[in-house]
Peer 1: 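Right, I'll just put the structure down here and ask away after.
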Amino acid sequence: MNRTLHRMPSHEVRISLVTTSASQTRLLGKEIGRNLNNGAVIRLMGDLGSGKTCFVQGLADGLEVPDGYEISSPTYTLIHEYPGRLPLAHVDLYRIHDEMDAEAIGLEELIDQNLVVAVEWAERLPDHFWPDEQMLTIVFQSHDEDTRRLEVFGCGLQISDLIKKISSFWEKATS
């Protein structure tokens, strides 16, 4: 598997990962969930079928969401909330058109709480909407039916440390 670590200005850290199956995408999500110790916003960007919901399924596992909860895309309900070691809010902005819509569903209030907020279609809102700290961004690109390239980046000390841990984990897991 490919892995590249880049250091960016302003403490931003960026890595590129390649997953070759849905189980690898879930494994990455699970490892990120395991390594979160407090609330964070995770922006998930990519086309339909690129692995965003699959990633959130792994994230929920790493956050210890109890068995019996089906982790599915909240396309029509817009937000699913799950209990766990850290509570998880899974948000789908596919049907959102602007910041007013995001405010109407209470997204800002979710972000201000100490929970993990995984947001599919986060690119539908401008960068200034999102917090500067405790935010991780993952861009999913499909290469074929199973292969995905994921660009993982964020800034702030805790997120930078998380990305470094994920980079180290991924190198060991895929070698």
Side-chain angles (χ1 to χ4, degrees), residues 1-36 40-63 71-76 78-80 88-98 102 107 111 116-132 134-156 159-175:
M1 297 304 117
N2 298 337
R3 181 192 56 83
T4 309
L5 177 65
H6 307 278
R7 296 199 189 284
M8 304 302 284
S10 303
H11 297 46
E12 182 178 276
V13 175
R14 177 181 298 259
I15 59 174
S16 296
L17 307 171
V18 174
T19 65
T20 58
S21 66
S23 62
Q24 278 192 338
T25 302
R26 282 188 201 91
L27 179 63
L28 178 64
K30 182 175 183 175
E31 189 63 18
I32 288 175
R34 281 185 188 155
N35 281 283
L36 288 171
V41 174
I42 304 174
R43 297 188 313 167
L44 306 171
M45 303 177 184
D47 292 335
L48 284 169
S50 62
K52 298 180 298 291
T53 301
C54 186
F55 170 87
V56 176
Q57 291 167 344
L59 179 68
D61 194 19
L63 292 170
I71 310 301
S72 61
S73 181
T75 302
Y76 296 102
L78 304 180
I79 300 173
H80 289 165
L88 170 64
H90 183 192
V91 181
D92 188 322
L93 299 181
Y94 186 75
R95 299 189 182 290
I96 296 294
H97 300 289
D98 57 33
L107 183 56
I111 290 171
V116 176
V117 182
V119 184
E120 294 190 35
W121 298 98
E123 63 269 32
R124 297 215 179 240
L125 293 177
D127 286 343
H128 72 264
F129 179 86
W130 303 103
D132 292 331
Q134 287 303 99
M135 186 177 67
L136 181 68
T137 300
I138 304 175
V139 179
F140 294 75
Q141 295 176 317
S142 299
H143 286 274
D144 60 37
E145 188 173 321
D146 297 318
T147 306
R148 308 289 185 259
R149 174 169 294 283
L150 283 66
E151 295 292 325
V152 181
F153 58 95
C155 57
I159 293 297
S160 295
D161 287 346
L162 172 64
I163 293 171
K164 291 173 191 172
K165 287 179 185 176
I166 296 309
S167 179
S168 177
F169 166 80
W170 200 250
E171 184 176 334
K172 292 173 188 167
T174 58
S175 21

Peer 1: Between Ser168 and Lys164, is a side-chain contact (heavy atoms from CB on, under 4.5 Å) present by the stated rule, with each step listed?
Peer 2: CA-CA 6 Å; Ser168 177; Lys164 291 173 191 172; over 6 Å; no
Peer 1: Say you draw a straight line from CG of Leu162 to CZ of Phe169; how long is it, rounded to the nearest 0.5 Å?
Peer 2: 12.0 Å
Peer 1: Kindly say whether Arg149 contributes a backbone atom to a donor-acceptor pair with the side chain of Gln141 at under 3.5 angstrom?
Peer 2: no
Peer 1: Measure the spacing between NZ of Lys52 and CG of Leu150 and express it to the nearest 0.5 Å.
Peer 2: 11.0 Å
Peer 1: Show your reasoning for whether side-chain hydrogen bond (donor to acceptor under 3.5 Å, both in side chains) applies to Ser50 and Asp47.
Peer 2: CA-CA 6 Å; Ser50 62; Asp47 292 335; over 6 Å; no
Peer 1: Is the shortest heavy-atom distance from the side chain of Arg124 to the side chain of Tyr94 under 4.5 Å?
Peer 2: yes
Peer 1: Write down the atom of Ala122, the atom of Arg43, and the distance for their closest heavy-atom approach.
Peer 2: CB-CB, 3.5 Å
Peer 1: How far does CZ of Arg26 sit from CD of Gln57, to the nearest 0.5 angstrom?
Peer 2: 5.0 Å
Peer 1: Which value, rounded to the nearest 0.5 Å, describes the distance between Ile32 atom CD1 and Trp170 atom CH2?
Peer 2: 9.5 Å
Peer 1: What closest approach, in Å, do Thr25 and Cys54 show between heavy atoms, and which atom pair accounts for it?
Peer 2: CB-SG, 4.1 Å
Peer 1: Taking all heavy atoms of Ala173 and all of Leu27, pick out the closest pair and write down the distance.
Peer 2: CB-CD2, 4.5 Å
Peer 1: I would like to know whether Val41 and Gln134 meet side-chain contact (heavy atoms from CB on, under 4.5 Å); could you show each step before the answer?
Peer 2: CA-CA 6 Å; Val41 174; Gln134 287 303 99; over 6 Å; no
Peer 1: Nearest 0.5 Å, what's the CG-CD distance between Leu36 and Glu31?
Peer 2: 10.5 Å
Peer 1: Begin with the C-alpha distance, continue with both residues' side-chain angles, and end with the deciding distance and a verdict on side-chain contact (heavy atoms from CB on, under 4.5 Å) for Ile166 and Val152.
Peer 2: CA-CA 10 Å; Ile166 296 309; Val152 181; 5.7 Å; no
Peer 1: CD1 of Ile42 to CG of Leu88: how many Å apart, nearest 0.5 Å?
Peer 2: 8.0 Å
Peer 1: Which residue, Val18, Thr20, Thr19, Leu28, forms the side chain to side chain contact (heavy atoms under 4.5 Å, CB included) with Arg148?
Peer 2: Thr19
Peer 1: Return the minimal non-hydrogen interatomic distance between Asp146 and Asp144, and the atom names on each side.
Peer 2: N-OD1, 2.9 Å
Peer 1: Can you name the nearest heavy-atom pair linking Ser160 to Gly154, along with the distance?
Peer 2: OG-O, 4.3 Å
Peer 1: Report the residue from Leu17, Val139, Ile138, Ile15 that forms a side chain to side chain contact (heavy atoms under 4.5 Å, CB included) with Glu151.
Peer 2: Val139
Peer 1: I need the minimum non-hydrogen distance between Glu120 and Ser73, along with the two atoms involved.
Peer 2: OE1-OG, 4.0 Å
